[in-house]
Amino acid sequence: MGKKLHQKIAQFQDANMIREKGLYPFFRPIESGQDTEVIINNQRVLMFGSNSYLGLTNHPKIKEASKKAIDKYGTGCAGSRFLNGTLDIHIELENRLANYVGKEAAVLFSTGFQVNLGVLSCITGRNDYLILDEYDHASLIDGSRLSFSKVIKYAHNDMADLQRKLSILPEEAVKVIVVDGIFSMEGDIVKLPEIVKLAEEYGANIMVDDAHSLGVIGEKGSGTASHFGLTDEVDLIMSTFSKSLASLGGFIASDADTIDYLKHRARSLMFSASMTPGSVASVIAALDIIESEPERITKLWDNTNYATKLFLEEGFDIGASESPILPIYIRDNDKTFLVTNQLQREGIFVNPVVSPAVPSDSSLLRFSLMATHTFDQIDEAVEKIAKAFKDVGVTTIKEKI
Ligand code: PMP
């Protein structure tokens with residue numbers, strides 16, 4: 001019997017089709033740190049595709065803290081948290097995060113993706129329900145697939161649809177509504193107050209993924225629940241360190257019993273090595289900076305408001321965004337690649353988001369702001385994006401208002 005794997009893989013032509021057109025925009029190697037300016041192909045490029053919302057990835061105090069932790073603890077932990085991989089600084093960071101988001105306890109995982117895989121695969125069982133917004137992050141979708149419970153999706157931020165779906169579920173089942181705080185591609189904020197009301201009415205619990213909200217909204221950047229004053233009403237809060245917190249890893253916070261349960265059931269925690277000392281120390285240092293330099297969040301929002309206003313004045317379709325993530329809709333995959341390519345040549349880095357990540361009539365440029373951008377950099381980007389739209393013949397741009 002012939003082996004079939006290579007035949008199957010040869011049928012995968014998605015990437016080659018874009019390469020043949022000379023437009024392949026993924027895995028672009030960056031030859032410098034992730035700041036508002038990066039070096040690609042020896043060329044200076046303005047970065048508007050980063051998730052480093054507070055611009056902390058090159059902060060001297062964070063780099064110093066990371067180096068010191070390496071000197072003290074070494075470069076890795078060589079084991080899972082469950083066994084030999086727990087350091088005192090893991091516990092220190094967990095306590096700090098629980099306190100920051102207003103929950104009793106927290107536990108660290110080695111990435112945010114692993115948090116969602118680990119938590120969703122074990123919080124509900126065979127006769128239970130996970131109820132997800134259709135635009136939830138891939139890690140939530142994949143986590144729900146690993147769960148033995150039933151998974152229901154409702155239309156994005158559509159509270160009538162959520163109510164319809166909740167209303168037919170059995171009363172005795174465990175039901176957990178799982179949402180992004182700020183949606184990662186669309187940049188809109190979850191309708192948490194309405195969700196909390198529905199959750200009370202139908203006896204559901206709530207989990208919020210704050211990957212894009214931590215350091216961005218809420219008191220001192222402490223996330224979506226805090227933003228709405230609903231911390232007690234949200235049962236589980238997760239986030240990542242790979243965005244505002246300038247590192248790598250993730251956590252989930254909840255009541256002490258739930259965290260203890262997860263520590264003994266979440267397989268992506270128990271069977272994977274713990275966060276490296278350098279990553280842990282950089283998160284602790286980033287939290288110190290968020291506390292001592294609150295002006296960073298203010299500047300992030302000044303930049304967000306400035307860019308939003310410019311894009312709207314220029315007639316761009318930026319959907320329902322209300323955050324530093326601005327989706328600039330093109331609604332055509334090929335044109336999205338052409339625009340991204342022209343912008344890269346002209347020194348602007350943005351991320352193309354095409355199907356299957358979004359429906360093909362929703363392809364977009366994901367433009368994201370950092371606290372460290374200047375208004376001049378934003379002006380330059382908007383001007384070049386407007387030119388690229390014109391050159392490529394994008395029709396979603398309206399007459400200038
Ligand atoms: N949740 C959301 C909403 C995300 O955007 C991401 C990362 N893109 C994750 C979870 C996963 O986080 P990490 O990068 O730490 O794996």
Side-chain angles (χ1 to χ4, degrees), residues 4-32 34-52 134-135 137-139 141-142 183-187 307 310-311 314-319 321 325-370 377-400:
K4 301 288 189 302
L5 180 61
H6 285 99
Q7 253 168 285
K8 176 189 154 60
I9 287 179
Q11 284 166 11
F12 169 75
Q13 286 301 326
D14 304 16
N16 280 341
M17 273 158 53
I18 312 166
R19 281 193 194 101
E20 275 159 21
K21 293 179 190 159
L23 296 175
Y24 187 75
F26 305 116
F27 297 95
R28 283 176 266 182
I30 294 172
E31 298 142 13
S32 65
Q34 281 271 356
D35 251 316
T36 59
E37 282 186 21
V38 297
I39 305 293
I40 298 180
N41 271 334
N42 284 326
Q43 190 200 345
R44 166 192 161 271
V45 177
L46 286 183
M47 173 51 81
F48 283 97
S50 171
N51 298 304
S52 174
E134 63 173 336
Y135 286 180
H137 188 257
S139 53
I141 310 275
D142 289 3
F183 285 87
S184 54
M185 296 299 155
E186 296 72 22
L310 278 190
F311 279 120
E314 293 286 334
F316 287 95
D317 172 5
I318 56 166
S321 172
I325 302 168
L326 296 179
I328 309 175
Y329 285 96
I330 294 181
R331 303 189 190 284
D332 178 298
N333 278 0
D334 281 355
K335 285 182 179 172
T336 303
F337 288 126
L338 281 165
V339 168
T340 307
N341 187 265
Q342 173 165 335
L343 288 170
Q344 169 74 40
R345 281 186 274 113
E346 295 190 354
I348 306 291
F349 189 114
V350 283
N351 288 310
V353 182
V354 297
S355 60
V358 291
S360 54
D361 61 353
S362 300
S363 53
L364 58 96
L365 292 184
R366 183 180 184 278
F367 181 95
S368 50
L369 291 142
M370 297 158 73
Q377 288 174 325
I378 298 169
D379 287 342
E380 184 181 337
V382 175
E383 199 178 298
K384 287 182 172 167
I385 294 172
K387 180 172 175 295
F389 272 44
K390 221 169 165 196
D391 292 350
V392 169
V394 177
T395 49
T396 50
I397 195 158
K398 292 180 235 130
E399 281 303 301
K400 220 170 159 161

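This chain uses plain numbering: 1 for the first residue, then up along the sequence. All heavy atoms count here, side chains included; hydrogens, waters and symmetry mates do not. Everything numeric here is computed off the predicted structure, so don't read it as measured data.
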Tell me the closest heavy-atom pair linking [X] and [Y], and the distance in Å.
X	Y	value
S321	P327	CB-CD, 3.5 Å
N42	E31	N-OE1, 3.0 Å
G49	M47	N-SD, 3.3 Å
P25	I18	CD-CG2, 4.2 Å
A357	V353	CB-CG1, 4.0 Å

Is the shortest side-chain heavy-atom distance between [X] and [Y] below 4.5 Å?
X	Y	answer
T340	R28	yes
S50	M370	yes
P352	I330	no
L343	L365	yes
E383	I348	no

[atom1] of [X] to [atom2] of [Y]: how many Å apart, nearest 0.5 Å?
X	Y	atom1	atom2	value
D361	S355	CG	OG	9.5 Å
Q11	Q13	CD	CD	9.0 Å
I328	I318	CD1	CD1	8.0 Å
M185	S368	CE	OG	10.0 Å
E380	I385	CD	CD1	10.5 Å
I141	E134	CD1	CD	9.0 Å

**OP:** Report the residues that fulfil salt bridge (charged side-chain N to carboxylate O under 4.0 Å, His left out) with D142, sequence neighbours left out, ordered by chain and then residue number.
**Re:** R145
Original post:
Which pairs pass salt bridge (charged side-chain N to carboxylate O under 4.0 Å, His left out) with one or both residues in residues 6-20, sequence neighbours excluded?
Top reply: none
**OP:** Could you list all the salt bridge (charged side-chain N to carboxylate O under 4.0 Å, His left out) pairs where at least one residue sits in residues 328-354, not counting sequence neighbours?
**Re:** K21-D334, D317-R331, E346-K387
**OP:** Count the heavy atoms of every other residue, nucleotide or ligand shown that sit under 6.0 Å from CG of D379, and state whether that count exceeds 12.
**Re:** yes
**OP:** Answer with yes or no whether the side chains of Q34 and S52 bring together a donor and an acceptor at under 3.5 Å.
**Re:** no
**OP:** Check the pair L46, T36 against side-chain contact (heavy atoms from CB on, under 4.5 Å), reporting the backbone distance first and the verdict last.
**Re:** CA-CA 6 Å; L46 286 183; T36 59; 5.6 Å; no
Original post:
Is there a side-chain contact (heavy atoms from CB on, under 4.5 Å) between I325 and R366 once you walk through the steps?
Top reply: CA-CA 7 Å; I325 302 168; R366 183 180 184 278; 3.4 Å; yes
Subject >> Pairing residues for F316 by the ring pair (Phe, Tyr, Trp, His ring centres under 6.0 Å) criterion, not counting sequence neighbours >> reply: F311, F389
Original post:
For F26, which residues count as a ring pair (Phe, Tyr, Trp, His ring centres under 6.0 Å) partner, sequence neighbours excluded?
Top reply: Y24
**OP:** Go through I378 and F48 one step at a time and tell me if the side-chain contact (heavy atoms from CB on, under 4.5 Å) criterion holds.
**Re:** CA-CA 9 Å; I378 298 169; F48 283 97; 4.1 Å; yes
Original post:
Tell me the ring-ring contact (aromatic ring centres under 6.0 Å, His included) pairs involving residues 328-350, sequence neighbours left out?
Top reply: none
